[in-house]
Amino acid sequence: MTAQIISGKDIAKQIREEIKQEIAELKEKHNVVPGLATILVGDDPASQVYVGSKEKTCQALGIYSERHDLPESTDEAALLALIDRLNEDNKINGILVQLPLPKHINENNVIMAIDPKKDVDGFHPVNVGKIMIGEPEYLPCTPHGIQELLIRSDTKIDGADVVVVGRSNIVGKPIANILLQKKEGANATVTICHTGTRDIASHTKRADILIIALGRPKAITADMVKDGVVVIDVGVNRIGKTEEGKDILCGDVDFEAVKEKAKAITPVPGGVGPMTIVMLMENTVKSAKLAAGLV
Ligand code: GUN
């Protein structure tokens, strides 16, 4: 079997069009323009690319955006003061602080300073808790993108054995939480594997849906999966440079080998990555609608 390639690029494009339409209607009927503030501390090249793409997408869709680039030496108090100001700014519906932050800044303090109503990343404990009790307000962008990829590729989630490899707060834990909810597009039996798991392959081999977010190139090999599995590869690993100096990317899955056994698989690049950004836009629009009393 050669797998169906789940193109996050194509699915994200479709969702972008849906969001663009909604933003145009919000403006026309209600004079509401959603606004997103991005904050980048330091000059990590990958983070700069991510924040740049978020800004560009805002502009393409008609979302007001402002970018705050702060030097690496910024102290926590100054960052918290900026967040306070943005919490009070009515033009701003979403505040995104790009992670990771420099080591001298406590990430949890920063996340907790963001008004949960403007937490379009879905990282604030209030929003994490709402997912846990089955009353989500903002789903975190990457996990939400993964769920959309599964739904829009007609993958049966209800009753499926889902195995997640990686337990980060950004991907592993929230996607597990989302897919185990008793809801449409979920209701799966979920296992999370991590560095303390004794025999990862014994779990991955029985997965109907395998979600990999561990940050190690080609760590999941063909002998670790069963025939007919649906694979979502969240890994983005830089494994070299092209002659033109562009990064060569690969996922956490040995794509070429695993695609011969899988029913469907996401590529890297062009799989999960493009979905994360559109889900951020969707959350920003939702926040604007909530602020305007439209939902
Ligand atoms: N760094 C890696 N992924 C993310 C994300 O989804 N949101 C933020 N704010 N930072 C990230």
Side-chain angles (χ1 to χ4, degrees), residues 8 12 15 36-58 63 65-70 74 76 79-80 82-83 86-87 92-103 105-116 118-125 127-128 131 136-149 164 166-178 211-216 232-238 247 249 251-252 266 268-269 271-284 286-287:
I15 299 173
L36 177 72
T38 60
I39 304 175
L40 173 62
V41 185
D43 42 23
D44 176 66
S47 291
Q48 278 178 337
V49 171
Y50 293 139
V51 172
S53 306
K54 288 164 188 173
E55 284 273 306
K56 243 174 48 199
T57 309
C58 282
I63 292 178
S65 71
E66 46 180 65
R67 179 170 172 167
H68 299 266
D69 282 344
L70 308 178
T74 303
E76 191 174 307
L79 177 56
L80 295 178
L82 171 60
I83 292 171
L86 295 168
N87 280 339
I92 299 301
N93 303 108
I95 301 170
L96 179 132
V97 181
Q98 186 66 30
L99 304 178
L101 287 165
K103 291 212 166 29
I105 298 178
N106 181 311
E107 227 158 71
N108 284 338
N109 289 348
V110 171
I111 289 168
M112 284 194 272
I114 297 171
D115 181 342
K118 298 191 177 188
D119 170 38
V120 286
D121 257 327
F123 293 165
H124 191 286
N127 289 317
V128 176
I131 296 172
E137 185 107 42
Y138 299 113
L139 292 176
C141 306
T142 301
H144 193 192
I146 293 170
Q147 187 187 34
E148 279 295 329
L149 285 176
V164 179
R167 61 174 152 189
S168 70
N169 289 337
I170 295 184
V171 183
K173 281 190 247 174
I175 190 62
N177 241 324
I178 290 167
I211 299 170
I212 309 295
L214 49 76
R216 204 146 37 82
I232 305 289
D233 188 352
V234 190
V236 181
N237 303 291
R238 289 171 172 75
D247 285 326
L249 302 181
D252 291 348
T266 58
V268 177
V272 175
M275 296 296 289
T276 298
I277 295 184
V278 288
M279 291 307 158
L280 176 69
M281 302 298 133
E282 192 172 293
N283 280 348
T284 305
K286 182 172 183 184
S287 176

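Counting starts at 1 for both ligands and their atoms, in listed order.
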inquiry  = Check this for me, if you would: do D247 and R238 make a salt bridge, where the nitrogen-to-carboxylate-oxygen distance has to be below 4.0 angstrom?
reply    =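 So D247 pairs with R238 through a salt bridge.
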ask   = Do any N or O atoms from the side chain of S287 and from the backbone of G94 form a donor-acceptor pair under 3.5 angstrom?
value =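 Checked: no pair found.
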task = Using modelled atom types only, decide if a donor and an acceptor are shared between the side chain of D121 and the backbone of F123 within a distance under 3.5 Å.
result =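 Answer holds: no.
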query = Roughly how far, to the nearest 0.5 Å, is OG of S65 from CG of L96?
reply =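 Going from the CG atom of L96 to the OG atom of S65 covers 11.5 Å.
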Closest non-hydrogen atom pair between V128 and G122, with its separation =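 So the minimum-distance heavy-atom pair works out to CG2-O, 3.9 Å.
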query = Can a donor-acceptor pair be found between the side chains of Q48 and D43 at a distance below 3.5 Å?
reply =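 Q48 vs D43: no donor-acceptor pair found between side chains.
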Could you give the N/O to N/O pairs under 3.5 Å linking ligand 1 and the protein, each with its distance?
unit_1, atom_1, unit_2, atom_2, d
ligand 1, 1 (N), Q98, NE2, 3.3
ligand 1, 1 (N), L99, O, 2.9
ligand 1, 7 (N), D121, OD1, 3.0
ligand 1, 7 (N), D121, OD2, 3.4
ligand 1, 9 (N), V97, O, 2.8
ligand 1, 9 (N), D121, OD2, 2.6
ligand 1, 10 (N), L99, N, 3.0

